[in-house]
Amino acid sequence: MSSRPLDYFQFKNGELTSEGVPLEQLAKEHGTPLYVYSENALLDPIRRLKKVLSEIKPLICFAVKANSNLSILKVLAAEEVGMDLVSIGELRRALHAGVRPEKIVFSGVGKSISEISEAIKYPLHSFNAESVPELELINEVAGKHKKRAKVALRFNPDVNPKTHPYISTGLKQNKFGLNRDEIITIAKHAAKKYPNVDFRGLSIHIGSQILTLNPFKEAFQKIKDLAIELDETLPEPLEFLDLGGGLGIGYKNEKPQTIENYGKLVLKFFGKKSDVFGRYRILFEPGRTVAGNAGVLISRVLYRKKRKNKDFLILDAAMNDLMRPALYQSYHEIVPLRKFSGKKRKVDVVGPVCESADCFGTGRLLPEKITSNDFVAILSAGAYGMSMASNYNTRNRPAEALVKQGVARIIRRRESFEDLIRLEKTE
Ligand SMILES: *Cc1c(COP(=O)(O)O)cnc(C)c1O
């Protein structure tokens with residue numbers, strides 16, 4: 001398995017814990033809704049990927065949009081992880097967390113002139129360019145600042161990742177990347193048309209929550225073939241290939257590929273025994289694989305609303321705190337923070353927001369005894385949880401806690417009403 005919902009959170013003496021700390025204790029101490037992350041859980045996927053790929057010594061760049069809390073970026077940076085970002089705000093976060101610019105990849109389909117102008121001042125690993133006009137702009141801005149821009153072209157390999165349409169990015173109808181012909185044309189005119197750009201790499205990212213290896217296999221073959229072809233066209237051969245992120249995790253009973261099998265597939269194409277060993281540095285941009293099962297969202301039950309066939313559990317967490325179920329109809333396991341005895345009964349687990357999409361799960365079998373002031377954890381909430389949270393319904397975004405070896409600390413305080421209205425003017 002890449003990971004499962006309860007890999008890093010264990011029931012001990014009937015209580016759900018993180019690295020030995022009972023989550024109910026954290027809920028009572030810091031209030032709810034509360035995101036809780038385990039440091040060990042964040043590092044485990046990184047260490048495993050590094051281990052299986054030790055012969056190629058890849059650069060692993062965490063996709064900051066999955067979870068952009070500064071403390072989490074810092075934990076990863078201390079593990080020699082770089083960052084993959086999609087906005088200037090994420091660049092500022094990464095630098096603030098102490099990540100070296102040389103380990104930063106700037107991705108994204110719509111970088112603005114102000115973003116490029118600011119980013120060009122740092123010796124970034126690369127800009128991943130996704131269109132001809134963007135490339136022209138990068139060339140122009142670099143010239144104006146008397147810099148050379150290191151660029152990787154994002155290749156859209158037209159591979160079906162067989163995931164949710166909203167998180168599929170490598171099909172030709174998607175807005176992302178450049179197709180093969182566009183890339184060949186760019187390469188042919190590289191020196192003349194883009195004098196301030198060094199074409200150093202190719203990148204792909206075909207989608208997210210990909211559960212089988214086949215789409216990766218197809219994409220790896222295509223990027224490798226294209227790289228070899230480009231090396232004959234470009235003034236200088238490519239230095240690196242960025243294989244993106246996208247490896248799925250377990251939310252329910254899916255069987256995502258293991259990190260080890262994913263790594264072995266990479267080695268088949270680029271490892272010691274491959275025909276291009278040592279020719280390209282290999283990069284990765286994992287987000288969900290790293291953070292997904294490293295975090296949970298803890299919530300208090302406000303009410304149990306009884307109905308004939310199934311009850312409603314109304315939580316103090318809502319779609320503004322964790323948007324994935326509303327946005328993608330995605331599944332998250334929901335468990336009480338302590339074991340209950342007695343019968344179970346079907347419930348719909350919902351939030352208080354005035355939208356029917358504000359629902360964390362329907363028809364879940366949960367103990368009949370769970371009621372007001374009991375706590376539940378929504379699992380697998382470490383990626384695309386807090387980073388997607390909003391203030392809809394004028395709700396304060398949750399606090400976040402990070403547990404390390406039995407000690408929890410708050411890494412983001414809960415928002416206050418004052419935080420929410422600070423930018424508004426009444427006259
Ligand atoms: C979102 C994103 C990632 C991370 O995807 P995961 O599925 O979370 O691994 C990587 N690269 C790019 C360019 C992205 O936009």
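Whatever order the structure lists ligands and atoms in, that order sets their numbers, starting from 1. Owing to the predicted nature of the structure, the values given are computational and were not obtained by experimental measurement.
Taking distance alone, with nitrogen or oxygen atoms compared against 3.5 Å, D84 approaches ligand 1 more closely than that limit. Polar contact check, S107 against ligand 1: no nitrogen or oxygen pair lies under 3.5 Å apart. When only interatomic distances are considered, the shortest N/O to N/O separation between G245 and ligand 1 does not fall below 3.5 Å. Considering backbone and side-chain atoms alike, S208 places an N or O below 3.5 Å from some N or O of ligand 1.
With hydrogens and angles disregarded, a donor-acceptor distance shorter than 3.5 Å links the side chain of E19 to the backbone of N40. With D321 contributing its side chain and A318 its backbone, the two residues share a donor-acceptor pair below 3.5 Å. A donor-acceptor pair under 3.5 Å is absent between the side-chain atoms of E285 and the main chain of A63, judged by distance alone. Remark: side-chain polar atoms of E130 are not paired, donor with acceptor, to backbone N or O of F176 under 3.5 angstrom.
Short contacts between ligand 1 and A63, defined as distances under 4.0 Å to a heavy atom of the residue, involve ligand atoms 3 (C), 4 (C). If you number the atoms of ligand 1 from 1 as listed, the ones under 4.0 Å from a heavy atom of P286 come out as 9 (O). Counting atoms of ligand 1 from 1 in the listed order, those under 4.0 Å from a heavy atom of R288 are 6 (P), 8 (O), 9 (O). Each of the atoms 13 (C) of ligand 1 lies under 4.0 Å from some heavy atom of R154.
The closest side-chain heavy-atom distance from Y8 to V296 is not below 4.5 Å.
Heavy atoms of F176 stay at 4.0 angstrom or farther from ligand 1. Using 4.0 Å as the threshold, G246 has a heavy atom nearer than that to some atom of ligand 1. Within the 4.0 Å heavy-atom cutoff, A383 does not count among the residues contacting ligand 1.
Looking only at protein heavy atoms, the nearest one to atom 8 (O) of ligand 1 is Y384 OH, 2.6 Å. Scanning the protein for heavy atoms near atom 13 (C) of ligand 1, the closest one is E285 OE1, 3.4 Å. Of the protein's non-hydrogen atoms, the one nearest atom 2 (C) of ligand 1 is K65 NZ, 2.3 Å.
There is no side-chain donor-acceptor pair under 3.5 Å between R48 and Y262. Side-chain polar atoms of Y37 and N67 form a donor-acceptor pair below 3.5 angstrom.
When each of R413, R412, R414 is checked for a salt bridge (charged side-chain N to carboxylate O under 4.0 Å, His left out) with D419, only R413 meets the rule. Here the rule is salt bridge (charged side-chain N to carboxylate O under 4.0 Å, His left out) with D374, and of R300, K28, R338 only R338 fits it.
The part of H205 lying near ligand 1 is the side chain, judged by heavy-atom distances below 4.0 Å.
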### Task
Assess whether side chain to side chain contact (heavy atoms under 4.5 Å, CB included) is satisfied between I120 and F127, documenting all intermediate values.
CA-CA 9 Å; I120 198 82; F127 287 88; 3.8 Å; yes

